[in-house]
Asker: 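Pasting a structure here, questions to come.
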There are 2 protein chains.
Amino acid sequence: MEMTLKRRETMHRLCGKGLEIFHAKGYYNTSLDDILNELSLSKGAFYHHFKSKEDYFINIVQNLIVQKVYALLIEPLNTNENPLPVIIESLENALDPGKKNEMAYGFMLNDFLTEFNKRNEEISGQLKEILNVWEVNLVSLLKKGKLDGYIARHVDCEGVATYVIASYLGMRSLLMDSSNKQLRYQYIQQLKQYFNSIAAHNVAA
Amino acid sequence: MEMTLKRRETMHRLCGKGLEIFHAKGYYNTSLDDILNELSLSKGAFYHHFKSKEDYFINIVQNLIVQKVYALLIEPLNTNENPLPVIIESLENALDPGKKNEMAYGFMLNDFLTEFNKRNEEISGQLKEILNVWEVNLVSLLKKGKLDGYIARHVDCEGVATYVIASYLGMRSLLMDSSNKQLRYQYIQQLKQYFNSIAAHNVAA
DNA sequence: AAACCAACCGACTTACAAGTCGGTTTAAGG
DNA sequence: CCTTAAACCGACTTGTAAGTCGGTTGGTTT
């Protein structure tokens, strides 16, 4: 039992540092030794806990990336308010490297999706599944928003979700270097513009 | 002189097949032998024409990718018509794998940008430069469109360009598998919705 | 204290891919 | 025909990184 704790602690350290370095340098561009040296651990320790580099990264996805995406992008959608400002706020938050989001997790999804696409079916499948959950939650929030009179009746909720996700993922390619405040601001402004065009406008009110 | 022709032809074959395979499997996931076997050429032949794999890919970027992006995304912007439908048409075209666009070139930019980001400064710099040229042309077309009364006066042209580019690049992460007609349609529809919100509406007319 | 075992060590094996190099082919010019 | 050099060949070198394995350490149990 005490041993299990030691095991968990080492695995946790490995996953945390792994995500940090994989995110900074890319999965295929990072060797296990890069990570192990940082933690003063050996190959032997690593393979005692994980059966392969792939198994290791899957652990990272399941334990860290999934959690972060849920916390930043999915749980905030569980609301009864007007969906549009809620969605904007969640995206703004996810793209903002600071406080609750020190590692710029908003950037990870597109990076890893592209890196594993066509190179590792297993991992890219899991990442796509995360996107899928996000999309489902966006769509259902938007549909509720339509029923509640926040969103115009003619709007295609699936289409909106697709468009929001695409633009969010794409920002990564533009924000590569430096957390460019200007670009982030432009993005949020245009998103607001777009959302304004699908909002229900109660002319009567 | 005749020799130069032979040289050019071989280099051209190498670049064409290289782009095809790099695009399909990723640059770092493709070995030179993968390409050379396809063309029944040897290492010796390769290094007779290119000084390294990197030099080779830079050739591909300059000779093939730049040309394609210009043809599909930049040259169409050289117009005096209403910018908004022109931009939509160019994007629709670029995402459509068929006829003039057999290799789905629209997908390349985001893939390669992500792959080379933080792994190869030289190449990622050149790719970003392509994006930059695209952005400049988009902005200048949008500004002209504003002067010509097609676009509302309050619109931030730089912001629109950023948003358009982000959403276009992001579509790649969603369209990974199979050229999904449904997603492409949704994307174009929402883009139209968004553009409608920034168009000048001549209520008087 | 002896035995046991999870955690850890690090040199070694294996695999793969970039780049090298001495030699061979081919075709144009004399 | 003979020379010359560009184009091409392919075995070899080199470097890197994943994964292996026999051995060591340190805490726990009896």
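FYI, side chains are in, hydrogens and waters are out, and symmetry mates aren't considered; it's all heavy atoms of this structure.
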Asker: Take the protein atom OH of A:Tyr47 and the nucleotide atom P of D:dC21, then report the distance between them rounded to whole Å.
Answerer: 13 Å
Asker: Taking only heavy atoms on the protein side, list every residue of residues 57-64 of chain A lying under 4.0 Å from any atom of DNA chain C, sorted numerically.
Answerer: none
Asker: Check whether any side-chain nitrogen or oxygen of B:Thr10 sits under 4.0 Å from OP1 or OP2 of D:dC8, and answer yes or no.
Answerer: yes
Asker: Rounded to whole Å, please give me the gap between CD in B:Glu54 and P in C:dA17.
Answerer: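 Rounding to the nearest Å, CD of B:Glu54 and P of C:dA17 are 19 Å apart.
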Asker: Round to a whole Å and report the spacing from CZ of A:Phe46 to C1' of C:dG10.
Answerer: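 About 16 Å, once rounded to whole Å.
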Asker: A:Ser31 side chain: which of D:dA7, C:dA17, D:dA17 is closest?
Answerer: D:dA17
Asker: Give the nucleotide from the list C:dC9, D:dA7, D:dC9 with an atom nearest to the side chain of B:Ala45.
Answerer: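 Of the options given, the side chain of B:Ala45 lies nearest D:dC9.
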Asker: Among C:dA18, C:dA7, D:dG19, which nucleotide sits nearest the side chain of A:Ser52?
Answerer: D:dG19
Asker: In whole angstrom, what separates A:His49's NE2 from D:dG19's P?
Answerer: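 Interatomic distance, NE2 of A:His49 to P of D:dG19: 16 Å.
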Asker: Of the nucleotides D:dA7, D:dA18, C:dA7, which has the atom closest to the B:His48 side chain?
Answerer: D:dA7
Asker: How long is the gap from CG on B:Leu32 to OH on B:Tyr56, to the nearest 0.5 Å?
Answerer: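 Here the rounded value is 7.5 Å.
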Asker: B:Arg119 has an atom CZ; how far is it from atom P of C:dA18, in whole Å?
Answerer: 12 Å
Asker: Report the distance from atom NE2 of A:His12 to atom C1' of C:dA7, rounded to the nearest whole Å.
Answerer: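 Spelled out: NE2 on A:His12 to C1' on C:dA7 is 19 Å.
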Asker: Could you tell me the separation between the CZ atom of A:Phe22 and the P atom of D:dA17, rounded to a whole number of Å?
Answerer: 12 Å
Asker: Using the side-chain heavy atoms of B:Lys43, tell me which of these nucleotides is nearest: C:dT20, C:dA7, D:dC8.
Answerer: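 Selected nucleotide: C:dT20.
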Asker: CG of B:Asp34 versus C1' of C:dA18: gap in Å, rounded?
Answerer: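 Distance check: B:Asp34 CG to C:dA18 C1' gives 13 Å.
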Asker: Ignoring backbone atoms, test whether A:Arg7 places a side-chain nitrogen or oxygen under 4.0 Å from the OP1 or OP2 oxygen of C:dA6.
Answerer: no
Asker: Given A:Ser31, which of A:Asp33, A:Asn29, A:Asp34 fulfils the side chain to side chain donor-acceptor pair (under 3.5 Å) condition?
Answerer: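 Exactly one option meets the side chain to side chain donor-acceptor pair (under 3.5 Å) with A:Ser31, and it is A:Asp34.
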Asker: State the CE-CG distance between A:Met176 and B:Leu131, to the nearest 0.5 angstrom.
Answerer: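 The distance works out to 7.5 Å.
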